[in-house]
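Step one of this worksheet: look at the structure below.
Predicted model only: the values in this text are computed from it and were never measured. Residues take their numbers from the sequence shown, with the count starting at 1.
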Amino acid sequence: MRILLTNDDGIHADGLASLERVARQLSDDVWVVAPEMDQSGYAHSLSLSEPLRLRRVGERHYAVRGTPTDCVIMGAKKVLPGMPDLILSGINSGANLADDVTYSGTVAGAMEGALLGIRSIAVSQAYTYVGEDRHVPYETAEALAPALLDRLVSTPLPDGVLLNVNFPNVAPEKVAGTVVTSQGRLVHSLWLDERRDGRGIPYYWMRFGREPAESKAGSDLEALRNGFVSVTPLHLDLTAYEVKDRLAKALS
């Protein structure tokens with residue numbers, strides 16, 4: 001099985017190294033094509049106005065000056081000797097849940113894989129802060145992902161479905177189990193923090209907060225809150241059948 005790894009945290013991210021150790025328990029044909037720099041929040045974007053720069057950083061390891069989507073395309077179409085059988089994107093520093101999947105470069109890497117007809121899975125690890133330092137327990141995902149991914153890869157899925165896997169912020173032995181979840185909903189609050197540079201010219205940092213819109217049983221938010229690994233199937237056909245039926249009735 002040929003596996004292509006990517007992420008949105010960048011080629012040197014600790015989570016990517018952790019994911020590679022996981023992938024090597026599934027196959028010895030593992031390739032890494034990841035962004036040169038952090039691409040968090042770039043979602044499913046393409047670099048259409050800038051050239052893609054490809055740099056070999058090691059054996060079967062390549063950095064692309066571009067987005068996670070660019071990396072998957074570059075890996076599948078240029079770098080690898082043939083199409084991969086599996087794309088793993090992550091391990092992201094922080095969970096990708098609910099509405100946040102629309103912003104996530106990690107999920108976008110898996111989305112592009114699904115568009116190419118390749119089994120694709122996004123993997124993320126929830127974290128907390130210890131003082132002012134972020135503590136990401138990659139050991140949880142690294143301990144549990146090999147067996148879980150092996151089962152997920154062998155499970156038949158419809159075309160166009162990718163899987164979004166999130167590990168809770170607990171030690172491996174304290175994980176409550178694994179559940180299949182639906183996508184939750186978040187309430188976002190966004191604001192602009194205005195500052196001044198050395199010449200007095202204003203610049204802005206976008207800041208945001210978020211909280212669950214509802215505590216819905218069976219959602220990815222609820223699963224991680226209760227210490228479960230969340231596996232959420234996402235379908236590329238975003239036009240749900242019940243919505244299509246509702247619109248058809250309204251227009252008839």
Side-chain angles (χ1 to χ4, degrees), residues 6-10 13 15 35 38-46 67-72 87-115 120-129 134 136 140-141 152 157-158 160-170 178-193 204-247:
T6 195
N7 70 350
D8 69 356
D9 290 329
D38 190 332
Q39 298 287 301
S40 299
Y42 276 70
H44 193 215
S45 57
L46 289 166
T67 68
T69 301
D70 297 331
C71 292
V72 170
I87 290 175
L88 299 176
S89 184
I91 298 171
N92 189 65
S93 173
N96 278 301
L97 304 169
D99 312 65
D100 283 350
V101 302
T102 63
Y103 301 111
S104 169
T106 302
V107 175
M111 185 181 294
E112 186 60 32
L115 285 170
S120 300
I121 303 173
V123 183
S124 301
Q125 174 64 60
Y127 66 81
T128 190
Y129 279 92
R134 178 188 296 187
V136 188
T140 298
L152 293 178
L157 293 174
V161 171
L162 59 132
L163 299 178
N164 183 32
V165 177
N166 285 275
F167 290 88
N169 178 38
V170 298
T178 301
V179 292
V180 177
T181 57
S182 59
Q183 188 177 342
R185 292 292 306 277
L186 289 168
V187 174
H188 286 84
S189 56
L190 294 169
W191 67 94
L192 296 173
D193 185 3
Y204 303 88
W205 280 108
M206 183 177 292
R207 304 184 66 179
F208 66 95
R210 56 195 173 193
E211 59 185 27
E214 56 187 16
S215 183
K216 182 180 177 182
S219 72
D220 48 10
L221 293 165
E222 186 73 8
L224 253 67
R225 188 180 300 114
N226 292 321
F228 286 87
V229 179
S230 168
V231 179
T232 308
L234 303 175
H235 204 293
L236 295 175
D237 181 3
L238 301 179
T239 310
Y241 289 112
E242 59 269 21
V243 176
K244 292 167 68 176
D245 290 342
R246 190 181 307 165
L247 288 173

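The two atoms that bring Thr102 and Asp99 nearest to each other are OG1-O, 2.8 Å, heavy atoms only. Across every non-hydrogen atom of Ile87 and Gly109, the tightest pair is CG2-O, 4.2 Å. Pro168 and Thr140 get closest at one heavy-atom pair: O-CG2, 4.1 Å. Summarising the geometry of Arg185 relative to Leu221, their closest heavy-atom pair is O-CD1, 3.4 Å, with the distance given to 0.1 Å. Listed here is the closest heavy atom pair of Pro233 and Val161: CB-CG1, 4.1 Å. Nearest heavy-atom pair, Asn166 versus Leu224, reported as atom, atom and distance to 0.1 Å: O-CD1, 3.5 Å.
Here the CG atom belonging to Asn164 is positioned 9.5 Å from the CE atom belonging to Met111, to the nearest 0.5 angstrom. Here CG of Asp70 is found 6.0 Å from CG of Leu46. Values are rounded to the nearest 0.5 Å. Rounding to the nearest 0.5 angstrom, the gap separating the CG atom in Asp193 from the CE atom in Met206 is 11.5 Å. From Ser182, atom OG reaches atom CG of Asp220 across 7.0 Å, with rounding to the nearest 0.5 Å. One finds the CG atom of Asp9 at 10.5 Å from the CD1 atom of Ile91 (value rounded to the nearest 0.5 Å). Distance check: Leu162 CG to Leu234 CG gives 5.0 Å after rounding to the nearest 0.5 Å.
In this structure a side-chain-to-backbone donor-acceptor pair under 3.5 Å is missing from Ser230 to Thr181. Side chain of Asn226 to main chain of Phe228: no donor-acceptor pair is present (N/O by atom type, distance under 3.5 Å, no hydrogens or angles).
In this structure, the side chains of Thr232 and Val101 stay at 4.5 Å or more apart for every pair of heavy atoms. Side-chain contact between Asn7 and Pro68 is absent, with no heavy-atom pair separated by less than 4.5 Å. In this structure, the side chains of Val229 and Val179 stay at 4.5 Å or more apart for every pair of heavy atoms. No side-chain heavy atom of Gln125 sits less than 4.5 Å from a side-chain heavy atom of Asn92.
Residues that satisfy the side-chain contact (heavy atoms from CB on, under 4.5 Å) test with Ser89, not counting sequence neighbours, are Thr6, Thr106. Legend: residues meeting side-chain contact (heavy atoms from CB on, under 4.5 Å) with Ala108, ordered by chain and number and at least two apart, are His44, Thr69. With sequence neighbours excluded, the residues forming a side chain to side chain donor-acceptor pair (under 3.5 Å) with Asn96 are Ser104, Ser124, listed by chain and number.
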Worked verdict on Val165 versus Leu152 for side chain to side chain contact (heavy atoms under 4.5 Å, CB included): CA-CA 10 Å; Val165 177; Leu152 293 178; 3.9 Å; yes
